[in-house]
Protein chains: 2
Amino acid sequence: MSGSRVERPLARGRGIPEATVARLPLYHRSLVALRERGVTTVSSEELAAAAGVNSAKLRKDLSHLGSYGTRGVGYDVDYLVYQVARELGLTQDWPVVIVGVGNLGHALANYGGFTSRGFRVAALVDNDEALAGELVNGLPVYPLAKLEQIIAEHHVSIAVVATPGPVAQDVCDRLVAAGVTSVLNFAPVPLQVPEGVDVRKVDLASELQILAFHEQRKQMSLLTPLTALAPLPPRTEAAG
Amino acid sequence: MSGSRVERPLARGRGIPEATVARLPLYHRSLVALRERGVTTVSSEELAAAAGVNSAKLRKDLSHLGSYGTRGVGYDVDYLVYQVARELGLTQDWPVVIVGVGNLGHALANYGGFTSRGFRVAALVDNDEALAGELVNGLPVYPLAKLEQIIAEHHVSIAVVATPGPVAQDVCDRLVAAGVTSVLNFAPVPLQVPEGVDVRKVDLASELQILAFHEQRKQMSLLTPLTALAPLPPRTEAAG
DNA sequence: AAGTGTGAATTGATTCACAGCC
DNA sequence: GGCTGTGAATCAATTCACACTT
């Protein structure tokens with residue numbers, strides 16, 4: 001993934017491969033979009049096309065959740081939406097705290113995908129005293145001193161770190177000490193956490209750099225016909 | 001990735017595995033941080049700790065670039081920074097266009113990691129006529145009609161799509177038609193692109209949902225001692 | 001006839017463990 | 001003696017191809 005891997009080969013319990021878990025949100029979104037268009041039944045081929053993966057992978061992924069399809073027919077959209085949502089934990093309400101209300105924190109507080117679908121921004125927290133009390137997207141910004149109190153009162157277990165790099169580890173330590181067990185890290189540093197705490201990293205600069213790597217190769221192969229002759233595997237799936 | 005995979009098993013040319021490419025930005029950043037702290041030589045063990053990976057993986061990754069270390073000693077920080085930067089294409093200048101100047105586009109335009117280190121925001125583009133001419137982070141916002149002209153004049157090959165989902169595919173098609181061959185997609189839809197064009201997806205909602213999945217499992221195992229007895233593999237690496 | 005679910009085969013990534021070099 | 005670089009072994013993910021169900 002692009003984010004950093006949670007170091008656990010198989011998800012606990014029924015044992016869903018991590019690669020499959022990472023695609024469930026994609027399937028969920030595609031299914032919701034199909035449902036909104038009035039589609040009631042979908043084949044693995046169709047759903048795979050909508051999600052931009054191949055159908056064998058989709059079927060294998062769904063088979064890890066259970067046998068929710070009908071041979072010769074396909075999957076019932078409503079039923080599958082529910083099953084995937086339940087598996088992802090979207091049928092419960094997750095209060096989330098966002099630490100760091102800079103440009104990115106601001107954008108995240110307003111981001112639709114964060115506020116809808118199971119998640120709710122319980123509080124915004126920032127170091128900067130000047131911001132305290134300010135309203136962002138209708139939500140007040142609390143000072144960092146209130147962090148532990150907010151986590152306890154709202155039963156927050158998932159936090160978003162959108163602070164500058166140098167303070168991210170300190171913030172993370174406080175989050176974990178206060179009871180947070182899942183962290184989404186936007187700061188450009190690897191966070192150290194104790195066992196049992198999950199971290200996923202979203203690294204905007206890295207993503208651009210990975211694109212630049214491939215872009216450079218493309219441009220090189222235009223200039224040097226020798227390497228340009230190396231066969232490229234076909235791109236059948238949609239990406240992104 | 002957390003981001004969607006570029007569908008090419010090995011990078012062109014010398015054949016660097018995609019998983020290795022995805023970690024090079026991490027190593028680059030860790031090396032720069034070490035250099036800033038005055039470190040001149042580093043062992044695979046030390047660098048791996050700084051980057052949050054294990055040392056065997058780091059050595060294998062670096063071995064794909066070449067033999068840049070010294071046995072019994074370690075790696076010269078300056079030299080390795082340069083080699084990794086060169087491999088990533090950071091020694092050249094990449095003009096980037098950002099399409100969509102909503103909350104997220106705004107944040108990205110201001111984001112340090114985007115503007116420094118090889119990348120330069122050549123232009124901001126938005127559909128909204130009201131925004132046209134406005135200055136964001138000192139950069140003017142251009143109307144969508146100017147998209148092709150901007151790409152041609154600035155020789156843009158990398159674009160960032162930060163538009164709402166419904167228009168993302170249209171924008172992407174125009175970008176590709178105008179010559180863009182790498183796209184960083186923040187819109188919550190899979191983009192269809194022709195062969196030879198790379199797309200990476202950053203999906204904030206997905207990342208939260210993946211955390212929620214694991215969080216739900218943790219909470220379930222607290223309630224049901226039976227599954228709580230299932231052994232957890234140790235977490236030795238840092239994540240995020 | 002259509003299309004899921006899944007063993008088997010393949011491909012890719014990670015980890016081990018040590019030979020080789022400084 | 002210490003540490004890199006790398007074959008070999010292991011582990012995970014993907015793809016194939018078809019038996020089975022409706």
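Lettering of chains follows the sequences in order, A, B, ..., and the numbering in each one begins at 1. Computation of the quantities below employed the complete heavy-atom set of this structure, encompassing side-chain atoms and omitting hydrogens, waters and symmetry-equivalent molecules.
Ring pair B:Y75/B:Y68: centre-to-centre distance not below 6.0 Å.
Whole-Å rounding puts the B:L65 CG to D:dT4 P distance at 15 Å. Nucleotide D:dT4 holds its P atom 8 Å from the CG atom of B:L58, rounded to whole Å. Summarising the geometry, the separation between OH on A:Y27 and P on C:dT4 is reported as 13 Å, rounded to the nearest angstrom. Here C:dA2 presents its C1' atom at 12 Å from CZ of A:R59, a figure rounded to the nearest Å. Residue B:D61 contributes atom CG, which lies 14 Å from atom C1' of D:dT4 at whole-angstrom precision. A:Y75 has its OH atom 13 Å from the C1' atom of C:dA2, to the nearest Å. Note: CZ (B:R23) to P (C:dT15) measures 9 Å, nearest angstrom. The NZ atom of A:K57 sits 14 Å away from the C1' atom of C:dT10 (whole-angstrom rounding).
The side chain to side chain contact (heavy atoms under 4.5 Å, CB included) test with A:Y27 is passed by exactly one of A:L65, A:L58, A:L88: A:L58.
Checking D:dG7, C:dC18, C:dT4 against every side-chain atom of B:K60, the shortest atom distance belongs to D:dG7. Nearest to the side-chain atoms of B:N54 among the listed nucleotides D:dA17, D:dT14, C:dT15 stands C:dT15. Among the nucleotides D:dA13, D:dT4, C:dT15, the one closest to the side chain of A:P17 is D:dA13.
Of the possible polar contacts, none joining the A:T20 side chain to the A:I16 backbone as a donor-acceptor pair under 3.5 Å is found. In this structure a side-chain-to-backbone donor-acceptor pair under 3.5 Å is missing from B:T70 to B:V73. Panel note: side chain A:Q209, backbone B:L90; no donor-acceptor pair is recorded below 3.5 Å.
The phosphate of C:dG3 (OP1 or OP2) has no side-chain N or O of A:S43 nearer than 4.0 angstrom.
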With 3.5 Å as the limit, what N/O pairs link the protein to nucleotides 20-22 of chain D?
from, atom 1, to, atom 2, distance (Å)
D:dC20, O2, A:R71, NH1, 3.2
D:dT22, O4', A:R71, O, 3.4

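Defined by atom type and a distance below 3.5 Å, a donor-acceptor pair is present between the side-chain atoms of A:Q92 and B:Q216.
Comment: A:E45 does not engage A:R59 in a salt bridge, judged by the lack of any side-chain N to carboxylate O separation of less than 4.0 angstrom.
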